[in-house]
Number of protein chains: 2
Amino acid sequence: MSINYNSYPTIKDVAKKANVGIATVSRVLNNSEKVSEKTRKRVLQIVEDLGYSPNLHARSLSSKKGNSVSLVVPSIGNEVYATIYSALEKELSKKGYRMIVFPLMDNLSLQKIKQKTDLIYQTDGVFIASLCINKIFKDNPPNKKIVLIDSFDERFDSVHIDNFEVGVNAAKYLLQKQKDDSDFFLISYKEVQDEFTSTVFENRDRGFVETLEKNGKKPNIIYTDLNWDSGFKLAKRIASKKKHNLIFSTADKIAFGLKAFFDQNIYTPDEDYNMISVDDLPFSKVTGLTTIRQPFEKMAKEATNLYFSYIEGNEDIKNIKLKTKLIIRET
Amino acid sequence: MSINYNSYPTIKDVAKKANVGIATVSRVLNNSEKVSEKTRKRVLQIVEDLGYSPNLHARSLSSKKGNSVSLVVPSIGNEVYATIYSALEKELSKKGYRMIVFPLMDNLSLQKIKQKTDLIYQTDGVFIASLCINKIFKDNPPNKKIVLIDSFDERFDSVHIDNFEVGVNAAKYLLQKQKDDSDFFLISYKEVQDEFTSTVFENRDRGFVETLEKNGKKPNIIYTDLNWDSGFKLAKRIASKKKHNLIFSTADKIAFGLKAFFDQNIYTPDEDYNMISVDDLPFSKVTGLTTIRQPFEKMAKEATNLYFSYIEGNEDIKNIKLKTKLIIRET
DNA sequence: CTGAAAGCGCTTACAG
DNA sequence: CTGAAAGCGCTTACAG
């Protein structure tokens with residue numbers, strides 16, 4: 001029934017063959033302590049011969065640390081998190097850490113992660129990207145270091161941008177593209193159970209709306225899903241040749257869909273519409289989308305620093321706010 | 001320096017408080033054996049009170065199985081693998097299994113996975129999607145059940161489609177769209193170290209080229225990366241209003257980029273070009289792309305079956321070939 | 001520099 | 001139905 005692990009050599013096998021104690025084998029494997037060059041070599045040779053590899057469970061159990069860390073993301077299949085993942089992994093592996101991703105793409109994943117027996121509770125630390133921690137763990141988050149990426153909660157370390165300001169800047173950009181017949185649109189994202197929605201989009205929305213208000217304008221507000229299809233379908237609804245549309249899409253993914261529709265139907269920037277978005281994913285450049293760039297790599301780097309600063313004994317809660325950059329292109 | 005786990009209650013703590021042996025606690029936690037309803041309840045209550053959760057490392061070490069499985073994918077940030085991930089997770093969690101993703105987005109990840117000490121070697125089984133197993137593990141794959149998804153190797157269980165046939169069908173479709181001034185293009189993907197490239201694209205390419213040849217045609221062949229940007233940039237190079245272009249893009253992701261360029265520059269299907277692709281990602285529908293649908297969900301389901309069939313004692317190697325479906329849309 | 005021994009937190013025969 | 005004990009494969013003081 002169950003898989004046979006007996007075929008794998010253990011530290012004992014290595015020790016016996018090398019004529020040393022298991023402690024010595026352990027030492028050379030962890031290249032710790034002082035082991036004579038001679039026995040070190042011999043042990044390594046045997047390790048090689050036997051194809052030995054340490055059992056991580058035993059190691060973690062014994063040493064009380066797993067050298068692994070969790071990354072919770074809303075979804076796989078999204079370049080944003082691929083970017084964050086890569087950047088984090090790069091930093092973490094410098095320190096010998098492994099990272100395990102927990103995508104929360106559906107309710108199933110969410111339920112799993114809430115169970116105390118879940119894998120996530122066995123890792124040394126938890127990075128959470130773009131998600132509201134309350135939503136995930138209710139009032140009962142894992143009892144280990146938590147670092148928030150692209151979201152904010154004063155109770156935890158975080159690296160994020162000023163999303164209110166993002167909204168403000170988006171408004172300013174569009175305001176300056178304004179014509180007599182301009183209509184303003186805010187295309188944003190809101191989760192179903194919105195009591196738990198991450199404040200990221202909320203803040204972008206507020207910054208945008210309040211800035212427009214100050215200028216005597218009021219946008220049409222539409223909520224949709226974070227993907228191309230939604231953007232495309234939405235564009236069909238709002239596109240109009242009679243009016244000049246000024247659109248703030250709070251995520252590139254949605255904007256790509258909108259743009260695809262506009263392109264397909266020959267709506268031209270400045271003429272029929274102007275649009276600004278957030279993220280600056282690779283495709284933005286190619287398609288000529290004006291957007292506000294998020295410093296994802298830097299976020300990952302800072303988040304890692306935060307984590308290791310904690311590991312090294314620093315218990316203060318730190319919130320790091322990173323700068324964004326307006327990237328003006330055709331739209 | 002290291003995290004203090006002493007704060008976590010252990011099975012001993014529970015046992016003591018409940019006035020039972022640890023074996024009993026273990027039994028109720030695994031809802032195995034017969035435990036009297038009375039003590040079961042008491043133990044569960046204490047578990048709750050203490051906020052106890054079992055240590056997975058200890059459990060795995062002791063029971064010799066981790067109830068976890070690996071999924072190796074070429075990349076996160078790609079809807080294809082998000083789909084496969086979700087489908088697999090759904091199936092696996094029915095059986096109480098956890099899945100850990102290993103995206104191989106860069107050389108770093110690849111190196112890690114090759115080390116015998118890596119996490120992947122601690123899981124009970126390995127699913128590999130769209131990748132060539134030789135490339136990843138050289139001649140030294142993990143010594144546990146391996147199931148290939150969307151690729152083929154006679155030495156391992158696999159679920160895949162007939163990629164040669166995919167190429168044939170793409171050719172047939174385009175051939176029937178042919179005009180006097182038609183130019184054929186094959187836009188495909190090839191890895192740098194091509195001795196290890198998965199045969200998926202190779203087969204699509206061959207099926208396409210050979211079918212055209214039979215009809216006295218020869219396509220222009222261009223290799224590029226698997227993403228939108230590449231497709232977009234490529235389109236710039238090959239687009240021409242003077243000729244009618246017949247394009248087989250071997251992946252939707254690339255086709256999206258091409259399509260975006262065509263739309264932006266007012267090239268119309270049937271008129272200026274026709275295009276067929278592979279995958280049928282959600283965006284294909286919305287943008288009107290003709291494509292050959294891959295049955296990703298079914299693949300995941302079959303792959304899970306293969307795995308559990310092995311767990312239940314069936315040691316035969318099985319290769320399952322799934323049907324694809326031509327989805328004709330505007331292009 | 002090295003080994004014997006205790007211990008990490010579980011599961012699982014074994015005996016009752 | 002239940003408990004004491006062995007054992008999973010490591011690491012880490014401790015003693016030499």
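Protein chains get the first letters and strands the later ones, always in sequence-line order, with residue 1 at the start of each.
D:dT12 and D:dG16: their C1' atoms are spaced 16 Å apart (whole Å).
Look at NE2 on B:His57: it is 14 Å from C1' on D:dT11, rounded to the nearest Å. Regarding A:Asp13, its CG atom lies at a distance of 9 Å from the P atom of D:dG9, rounded to whole Å. Note: CG (B:Asn30) to P (C:dA13) measures 13 Å, nearest angstrom. For the pair B:Lys12 NZ and C:dG9 P, the computed distance is 8 Å after rounding to whole Å. Atom P of nucleotide C:dC10 and atom CZ of B:Arg59 are separated by 8 Å, given to the nearest angstrom. In this structure, the NZ atom of B:Lys65 is 11 Å from the P atom of C:dT11, given to the nearest Å. If you measure from atom CD of B:Glu37 to atom C1' of D:dT2, you get 16 Å, rounded to the nearest angstrom. D:dT2 atom C1' lies 13 Å from atom CZ of B:Arg40, rounded to whole Å.
Listed pair A:Thr24 / C:dG3 meets the phosphate criterion, a side-chain N or O lying under 4.0 Å from OP1 or OP2. OP1 and OP2 of D:dC8 both lie 4.0 Å or more from every side-chain N or O belonging to A:Tyr8.
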| said: Pair A:Phe308, A:Tyr97 - check ring-ring contact (aromatic ring centres under 6.0 Å, His included), show working. | reply: CA-CA 11 Å; A:Phe308 286 108; A:Tyr97 273 71; 5.3 Å; yes
| said: Let's go through A:Phe102 and A:Ile100 carefully: what are the C-alpha distance in whole Å and the side-chain angles of both, what is the deciding distance for side chain to side chain contact (heavy atoms under 4.5 Å, CB included) to 0.1 Å, and is it a yes or a no? | reply: CA-CA 7 Å; A:Phe102 295 82; A:Ile100 304 181; 3.7 Å; yes
| query | Would A:Glu297 and A:Lys90 satisfy salt bridge (Lys or Arg N to Asp or Glu O under 4.0 Å), going step by step from the backbone distance to the final call? | reply | CA-CA 10 Å; A:Glu297 307 229 349; A:Lys90 199 174 137 200; 5.4 Å; no
| Pair B:Lys17-B:Asp49, salt bridge (Lys or Arg N to Asp or Glu O under 4.0 Å): steps then yes or no | CA-CA 10 Å; B:Lys17 263 219 161 182; B:Asp49 293 351; 5.9 Å; no
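Which of D:dC10, C:dT2, C:dG9 sits closest to the side chain of B:Leu61 comes down to C:dG9. With D:dC10, C:dT11, C:dC10 as the candidates, the nucleotide lying closest to the side chain of B:Asn55 is C:dC10. The side chain of A:Ser36 sits closest to C:dC1 out of D:dC1, C:dC1, C:dC8. With C:dT12, D:dG7, C:dG3 as the choices, the nucleotide that has an atom nearest any side-chain atom of B:Ser62 turns out to be D:dG7. Considering only the side chain of B:Thr39, D:dT2 comes nearest among D:dT12, D:dT2, D:dC10. Side-chain proximity of A:Lys64 to the nucleotides D:dG9, D:dT2, C:dC8 is greatest for C:dC8. Nearest to the side-chain atoms of B:Ala58 among the listed nucleotides D:dG3, C:dT12, C:dC10 stands C:dC10.
Side chains of B:Thr123 and B:Lys144: no donor on one and acceptor on the other come within 3.5 Å. B:Lys321 and B:Ser158 form no side-chain donor-acceptor contact under 3.5 Å, judged by distance and modelled atom types alone.
Side-chain atoms of A:Thr39 come within 3.5 Å of backbone N or O of A:Ser36 as a donor-acceptor pair.
Nucleic acid contact class of A:Ser60 (heavy atoms, under 4.0 Å, all strands): none. Looking at heavy-atom distances under 4.0 Å, B:Asn19 makes contact with sugar-phosphate atoms alone, never a base.
Annotation: the span from A:Lys301 atom NZ to A:Glu91 atom CD amounts to 5.0 Å, rounded to 0.5 Å.
Using bins of under 30°, 30° to 60° and over 60° for the plane-to-plane angle, the ring pair A:Tyr121/A:Phe137 lands in the perpendicular bin.
By the salt bridge (charged side-chain N to carboxylate O under 4.0 Å, His left out) test, A:Arg42 is found to be paired with no residue, residues two or more places apart in sequence or in another chain being considered.
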| field | Intra- and inter-strand pairs of DNA chain C in dot-bracket (Watson-Crick or G-U wobble, both distances under 3.5 Å; | for another strand) | value | |||.||||||||.|||
Strictly under 3.5 Å: I want the nitrogen or oxygen pairs between protein and nucleotides 4-6 of chain D, one per line.
none

